[in-house]
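What follows is a set of notes on a single structure, which appears directly below.
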Amino acid sequence: MINHISELYGRQLSSLELPSELANLPQLNQRDAIDLKPKLRCARCGAKLNRKQAALPNGQFYCYVCIQMKRMDTLHQLVFIEEPNRFPKKLDALSWDGQLTGLQEVCADMVVDVFKNRKRHLLWAVTGAGKTEMLFKGINWGIAHGKRIAIASPRIDVCIELFPRIQAAFQKTPVILLHGKSEQPYKYSQIVICTTHQLLRFYHAFDILIIDEVDVFPFSGNPMLHFGVNNAIKPNGAMLYLTATPDQHLLSQVRRKRLSISYLPIRYHGHLLPEPTIIKIKNLSHQITLKSLNKRILKMIAQLISQKQRFLLFVPHIKDLAAVKSAIQQAHIQANFDTVYSADPDRIEKVAAMRNRRLDFIITTTILERGVTFPGTDVLVLKADDAIFSAAALVQIAGRVGRSSERPDGRVLFYCESHCATVRSCQRQIRQMNQRAWRL
């Protein structure tokens, strides 16, 4: 429930949710929640609706696509108040006292230029390049000029990791974290960190919109989320995309001059990306189905545990989680570990347990392929040649290793039955990044 007028600044919601005491505000704007012409379309998520599926009694319609975010229908209006940017202008809001490298400084200055000149830009930086820290200078400029800023990602885990880092860097600026599982009530804030789904709740709110991990599911190729982004940003706002593995859509935007681009091919600590070691195991898929693992895999897991070396163990499918867990338990390997996947109800708590070193390792699907950092970890991938692992996913998975300056290297082990095209492509991409880094 909306409790204060400021909670409507740059937000959009159904008039059904609006308290009666706010219904007659002179600054309140209204627009149709469902456009009837030329075709039936939701004004919040942009979905083109099938009239039969969307039909309500008495010739009314609703949106069945974004129904989980409360109903949009022809019985009620979308209401919002234009973003007034009611923020104090702080000349130096940045409380982070770290140092950027020379290359990071160049990228940070570029970010400021993007924000100042309201550009659309892609920052293509390798995993572990320090993208978050490179944003600080630009965010500081935005705060000094009273801008409203959003950092969005398709993944909850990325948002949860970003939130305390942004809070710590801008201690005197209100920051809010929004995602589907968040229990924090909404409050008007200058900096919003949220999942891309949450952007559907905003309308022309942000002067600066940063999309992290822009190439990842569910954002990549999702018309609804792209529609939400274009609605959430002001018509003259600045847009910055961040990723280590841009997809073909982004690169085509660059080729068509719709996006400017900058590239950072080396990590903040100056070390190269760890390259995967390929280990062929016959009948690996069948072994996992039988809740069994090859002795070489079990020996490596036991060795890592004895060395107190923490690691991530990736599997392609949710059904593999229980099978691999059972195989490790049957081998009598003594360790604290757990499994996690995207719809796991305890996902946030399990990731936190891994981050806080309460787990020796975690068996995971691709949900932890990017956007999360567990310093000093190694990576093992079972069935790396499975079709579920794209080359970009494997690059991101390999990028979980060597992210800290204290341990800038580590093991990246791909266990597979064949040295398939996606595995070869992953190896090639990492080598190319490292070659570019060598030339700097």
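Heads up: numbering here begins at 1 and tracks the sequence. Source: prediction; values computed, not measured.
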With side-chain contact (heavy atoms from CB on, under 4.5 Å) as the criterion, how do F314 and V324 come out once you've worked through the C-alpha distance, each side chain's angles and the decisive distance to 0.1 Å? CA-CA 10 Å; F314 284 86; V324 171; over 6 Å; no
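- When ring centroids are compared, F170 and F136 come within the 6.0 Å threshold.
- Using modelled atom types, no side-chain atom of N117 and backbone atom of K119 make a donor-acceptor pair closer than 3.5 Å.
- For the residue pair Q198 and Y186, no side-chain donor N or O sits within less than 3.5 Å of a side-chain acceptor on the partner.
- For the residue pair Q427 and H419, a side-chain donor N or O sits within less than 3.5 Å of a side-chain acceptor on the partner.
- Side-chain atoms of T364 and L313, non-hydrogen and from C-beta on, never get closer than 4.5 Å to each other.
- Of the possible donor and acceptor atoms, none in the side chain of D207 sits under 3.5 Å from a partner among the backbone N and O of G237.
- At a threshold of 4.5 Å between non-hydrogen side-chain atoms, the residues D92 and N140 count as touching.
- Under a cut-off of 6.0 angstrom, the local environment of CD in Q99 is sparse, with at most 12 non-hydrogen atoms contributed by other residues, nucleotides or ligands.
- A donor-acceptor contact shorter than 3.5 Å is absent between the side chain of D360 and the backbone of A335.
- Relative ring orientation between F206 and F202 is described as tilted, the plane-to-plane angle lying within the 30° to 60° band.
- Salt bridge absent: E83 and K234 never bring a charged side-chain N and a carboxylate O closer than 4.0 Å.
- Using a 4.5 Å heavy-atom cutoff, the side chains of L359 and R357 are not in contact.
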Using the rule given for salt bridge (charged side-chain N to carboxylate O under 4.0 Å, His left out), can you reason through K187 versus E7, listing the C-alpha separation, both sets of side-chain angles and the distance that settles it, and then say yes or no? CA-CA 6 Å; K187 185 178 180 181; E7 294 174 36; over 6 Å; no
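- The existence of a salt bridge linking R431 and E275 is confirmed by a sub-4.0 Å separation between a basic side-chain nitrogen and an acidic carboxylate oxygen.
- Residues M354 and R358 form no side-chain contact, since every pair of their non-hydrogen atoms from C-beta on lies 4.5 Å or further apart.
- Residues L264 and C107 come closest through the heavy atom pair CB-SG, 4.1 Å.
- No more than 12 heavy-atom neighbours from other residues, nucleotides or ligands sit within 6.0 angstrom of NZ on K291.
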Under the side-chain contact (heavy atoms from CB on, under 4.5 Å) rule, what do V126 and L273 come out as? Steps first, then yes or no, please. CA-CA 8 Å; V126 294; L273 299 168; 4.2 Å; yes
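- At a threshold of 4.5 Å between non-hydrogen side-chain atoms, the residues K383 and C416 do not count as touching.
- Donor-acceptor pairing under 3.5 Å is lacking for the side chains of T365 and H317.
- Of the N and O atoms on the side chains of T195 and H197, not one donor lies less than 3.5 Å from an acceptor on the other residue.
- Between atom CE of residue M134 and atom CG of residue L240 there is a gap of 10.0 Å, rounded to the nearest 0.5 Å.
- Both tests pass for R436 against the ring of Y263: distance under 6.0 Å to the centre and angle within 45° of the axis.
- Taking the charged nitrogens against the carboxylate oxygens, D215 and R370 do have a contact shorter than 4.0 Å, which makes a salt bridge.
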Pair R403, T373 - check side-chain hydrogen bond (donor to acceptor under 3.5 Å, both in side chains), show working. CA-CA 8 Å; R403 298 174 73 89; T373 298; 3.1 Å; yes
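- Taking 4.5 Å as the limit, every side-chain heavy atom of V192 sits out of range of all side-chain heavy atoms of I151.
- Inter-residue side-chain proximity for D378 and F361 is flagged as unmet; no heavy-atom pair is nearer than 4.5 Å.
- Of the possible donor and acceptor atoms, one in the side chain of H269 sits under 3.5 Å from a partner among the backbone N and O of H271.
- The nearest pair of heavy atoms linking V423 to A384 is CG2-O, 3.7 Å.
- In terms of modelled atom types and a separation under 3.5 Å, the side chain of Q309 and the main chain of Q303 share no donor-acceptor contact.
- R11 contributes no side-chain N or O that, together with a main-chain N or O of Y203, makes up a donor-acceptor pair within less than 3.5 Å.
- Here the rule is side-chain contact (heavy atoms from CB on, under 4.5 Å) with E213, and of E369, R155, Q396 only Q396 fits it.
- Residue pairs meeting the salt bridge (Lys or Arg N to Asp or Glu O under 4.0 Å) criterion with at least one partner in residues 326-355, sequence neighbours excluded, are D157-R347, E161-R355, D338-K350, D344-K350.
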F389/T422 under side-chain contact (heavy atoms from CB on, under 4.5 Å): CA gap, chis, key distance, verdict: CA-CA 8 Å; F389 293 120; T422 50; 5.7 Å; no
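- Residues S260 and H121 share a closest heavy-atom pair of OG-ND1, 2.6 Å.
- Separation of atoms OG1 (T127) and CD1 (I397) is listed at 11.5 Å; rounding is to 0.5 Å.
- In this structure, R258 contributes its side chain and Q253 its backbone to no donor-acceptor pair below 3.5 Å.
- Going from atom CG of L290 over to atom NE2 of H286 covers 4.0 Å, rounded to the nearest 0.5 Å.
- Here the side chain of S425 pairs no donor or acceptor atom with the backbone of A421 at under 3.5 angstrom.
- Nearest heavy-atom pair, A47 versus V65, reported as atom, atom and distance to 0.1 Å: CB-CG2, 3.6 Å.
- A salt bridge is absent between K282 and E417: the closest approach of a Lys/Arg side-chain nitrogen to an acidic carboxylate oxygen does not fall below 4.0 angstrom.
- Checked by atom type and distance alone, the side chain of R44 pairs as donor or acceptor with a backbone atom of M69 at under 3.5 Å.
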Between K325 and F337, is the side-chain contact (heavy atoms from CB on, under 4.5 Å) condition met? List the steps. CA-CA 9 Å; K325 181 178 180 178; F337 70 100; 3.5 Å; yes
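- To the nearest 0.5 Å, atom OG1 of residue T377 and atom CG of residue L312 are 5.0 Å apart.
- The minimum heavy-atom distance linking I430 with P274 is given by the pair CG2-O, 4.0 Å.
- In this structure D386 satisfies the salt bridge (charged side-chain N to carboxylate O under 4.0 Å, His left out) test with no other residue, sequence neighbours excluded.
- A salt bridge links E105 with K137: at least one charged nitrogen is closer than 4.0 Å to a carboxylate oxygen.
- Nearest heavy atoms, V372 versus R400: O-NH1, 2.8 Å.
- Q248 and S252 are not linked by any side-chain donor-acceptor pair at a separation below 3.5 angstrom, with hydrogens and angles left out of the test.
- Distance check, rounded to the nearest 0.5 Å: CD1 of I211 to OG of S153 gives 8.5 Å.
- With hydrogens and angles ignored, the 3.5 Å screen pairs no side-chain donor or acceptor of D113 with any backbone N or O of D109.
- In this structure the side chain of W141 reaches within 4.5 angstrom of the side chain of K116, judged on heavy atoms.
- Screening E82, R86, H4 for a side chain to side chain donor-acceptor pair (under 3.5 Å) with Y9, the sole residue that qualifies is R86.
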Give the C-alpha distance, both sets of side-chain angles, the deciding distance and a yes or no for side-chain hydrogen bond (donor to acceptor under 3.5 Å, both in side chains) between S405 and R267. CA-CA 10 Å; S405 55; R267 289 178 155 179; over 6 Å; no
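- Checking R120 against Y241 by side-chain atom types alone, a donor-acceptor pair falls below 3.5 Å.
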